[in-house]
Amino acid sequence: MTSLPQPVNDNTIKVRQLTHYQFSWVAGEPGQSGAYTLQLVLDQGAWEEVLTISPEDADALQDLLVNTKDVHYDVERRTLMFGVTPTGE
């Protein structure tokens with residue numbers, strides 16, 4: 001049997017499923033640009049991550065999130081992974 005690092009807890013899980021997301025815009029100082037954020041709710045709220053993104057990335061990510069049913073997030077590498085395709089397809 002394979003030995004797992006102990007204890008297994010929320011911090012040892014590296015890849016989680018994106019279950020909800022929310023885009024926000026945060027105002028900057030007077031005369032400065034604001035910033036877009038994307039809040040990721042992972043595994044039904046077991047983990048959350050907030051990313052600061054550019055307007056262009058916000059637009060592209062919105063399109064991907066609307067059109068992709070299965071999205072995962074690698075917590076350690078801070079990487080969104082879109083879709084799952086069975087091998088051979």
For this session: Go through the structure and list residues passing ring pair (Phe, Tyr, Trp, His ring centres under 6.0 Å) with Phe23, not counting sequence neighbours.
Result: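 So Phe23 forms a ring pair (Phe, Tyr, Trp, His ring centres under 6.0 Å) with Tyr21.
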Exercise. Out of Asn67, Leu18, Thr68, which residue meets the side chain to side chain contact (heavy atoms under 4.5 Å, CB included) rule with Phe82?
Worked result: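 Per the side chain to side chain contact (heavy atoms under 4.5 Å, CB included) rule, the option paired with Phe82 is Thr68, out of Asn67, Leu18, Thr68.
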For this session: Check whether any side-chain heavy atom of Tyr36 sits under 4.5 Å from a side-chain heavy atom of Pro55, and report yes or no.
Result: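 The answer is yes, as the side chains (C-beta and beyond) meet within the 4.5 Å cut-off.
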Exercise. So do His20 and Gln39 actually touch side chain to side chain, heavy atoms under 4.5 Å?
Worked result: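 Result no, sub-4.5 Å side-chain heavy-atom pair not found.
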Can you list everything that forms a side-chain contact (heavy atoms from CB on, under 4.5 Å) with [X]? Sequence neighbours excluded, please.
X	answer
Ser54	Glu56, Asp57
Val84	Asp70, His72
Glu76	Lys14, Asp74
Gln32	Glu29

Rounded distance [0.5 Å steps], [atom1] in [X] versus [atom2] in [Y]:
X	Y	atom1	atom2	answer
Met81	Gln17	CE	CD	10.5 Å
Leu61	Leu51	CG	CG	8.0 Å
Trp47	Leu40	CH2	CG	12.5 Å
Leu64	Leu80	CG	CG	9.0 Å

Exercise. Taking Thr52 for the side chain and Thr37 for the main chain, is one N or O donor matched with an acceptor at less than 3.5 Å?
Worked result: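 Checked: no pair found.
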For this session: Report whether Val71 and Val66 are members of the same hydrophobic cluster (ILVMFWY, side-chain heavy atoms less than 4.5 Å apart, transitive linking).
Result: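 Yes; Val66 is reachable from Val71 via cluster members.
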Exercise. Going hydrophobic residue to hydrophobic residue with side-chain gaps under 4.5 angstrom, can you get from Leu65 over to Trp25?
Worked result: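 As far as the 4.5 Å side-chain criterion goes, Trp25 and Leu65 are connected within one cluster.
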Exercise. For Gln62, which residues count as a side-chain hydrogen bond (donor to acceptor under 3.5 Å, both in side chains) partner, sequence neighbours excluded?
Worked result: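 Counting only residues at least two positions away or on another chain, Gln62 forms no side-chain hydrogen bond (donor to acceptor under 3.5 Å, both in side chains).
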For this session: For Glu49 and Arg78, run salt bridge (charged side-chain N to carboxylate O under 4.0 Å, His left out): C-alpha distance rounded to whole Å, both residues' side-chain angles, the deciding distance at 0.1 Å, then the answer.
Result: CA-CA 9 Å; Glu49 187 88 20; Arg78 301 189 76 202; 3.3 Å; yes
